[in-house]
Amino acid sequence: MIDFYLYDDTEDTQTRFVGFVGEHGRYDLAIIKSDRYFGKSLVLNTQSSRFGIIGPDDLEEEGYIAHILGLGDDEAAEVEGFLNEIIV
């Protein structure tokens, strides 16, 4: 039995599932927007089961998307291009 919860919240979210093909691969992502992450989005790479909390500032960090979503550099560049259009 659990003695103490750190938190147990329910929140309405906006979830977008998107799949697309680029020059370097196919990408299947789930983008979850909520107030929980201070304006950032929870981005899930459903192919690798990797995810990250991503905002505009994270997209500017060199290599962050590749690392957090388990992508190669060329693949990450394609995903970053897409995320730059939808994450504000």
Side-chain angles (χ1 to χ4, degrees):
M1 178 166 198
I2 298 172
D3 293 329
F4 180 76
Y5 287 95
L6 295 175
Y7 54 86
D8 182 5
D9 302 329
T10 302
E11 184 173 323
D12 290 327
T13 64
Q14 178 185 8
T15 304
R16 178 178 178 181
F17 297 96
V18 63
F20 63 94
V21 176
E23 290 184 27
H24 300 283
R26 175 188 167 150
Y27 311 99
D28 295 290
L29 305 174
I31 299 100
I32 302 168
K33 293 186 179 194
S34 110
D35 293 331
R36 182 127 191 119
Y37 303 111
F38 307 102
K40 294 187 176 191
S41 297
L42 181 61
V43 178
L44 295 87
N45 179 348
T46 61
Q47 290 181 348
S48 67
S49 300
R50 306 263 315 251
F51 67 92
I53 299 168
I54 300 173
D57 56 326
D58 300 307
L59 293 172
E60 296 175 10
E61 291 292 325
E62 183 79 27
Y64 181 75
I65 299 301
H67 172 73
I68 204 75
L69 296 180
L71 301 170
D73 291 338
D74 290 335
E75 297 167 318
E78 291 183 327
V79 172
E80 284 175 21
F82 170 73
L83 293 176
N84 273 315
E85 294 177 16
I86 65 163
I87 292 182
V88 289

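Residue numbers count from 1 along this sequence.
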Exercise. Side-chain contact, heavy-atom cut-off 4.5 Å: Phe17 with Thr46?
Worked result: no
With sequence neighbours left out, the residues meeting side-chain contact (heavy atoms from CB on, under 4.5 Å) with His67 are none
Value for OG (Ser41) from CD1 (Ile86), rounded to nearest 0.5 Å, stands at 7.0 Å
When every non-hydrogen atom of Ser34 is compared with those of Thr13, the smallest separation belongs to CB-CG2, 3.7 Å
More than 12 heavy atoms of other groups within 6.0 Å of Gln14 CD:
no
* Asked: Heavy atoms, side chains only, cut-off 4.5 Å: are Asp9 and Arg36 in contact?
  -> yes
Looking only at heavy atoms, the pair that brings Ile68 and Arg50 closest together is O-CB, 3.5 Å
Here the gap from Asp8 atom CG to Ile2 atom CD1, rounded to the nearest 0.5 Å, amounts to 8.5 Å
- Task: Keeping the roles fixed (side chain from Glu78, backbone from His24), state whether a donor-acceptor pair exists under 3.5 Å.
- Result: yes
Return a table of donor-acceptor pairs under 3.5 angstrom between the side chains of residues 51-65 and protein atoms on other chains or two or more places apart.
{"unit_1": "Asp57", "atom_1": "OD2", "unit_2": "Lys40", "atom_2": "NZ", "d": "3.4"}
{"unit_1": "Asp58", "atom_1": "OD2", "unit_2": "Lys40", "atom_2": "NZ", "d": "3.0"}
{"unit_1": "Asp58", "atom_1": "OD2", "unit_2": "Gly55", "atom_2": "N", "d": "2.8"}

Open item on the list: Applying a strict under-4.5 Å side-chain criterion to I, L, V, M, F, W and Y, I'd like to know whether Ile32 and Val43 cluster together.
Closed with: no
Validation row: Leu29, Leu44 side chains within 4.5 angstrom (heavy atoms)
no
Quiz item: Do Ile87 and Tyr27 share a hydrophobic cluster, counting only Ile, Leu, Val, Met, Phe, Trp and Tyr and linking them when any side-chain heavy atoms are less than 4.5 Å apart?
Solution: yes
One should read off an interatomic distance between Leu69 CG and Asn45 CG, to the nearest 0.5 angstrom, of 5.5 Å
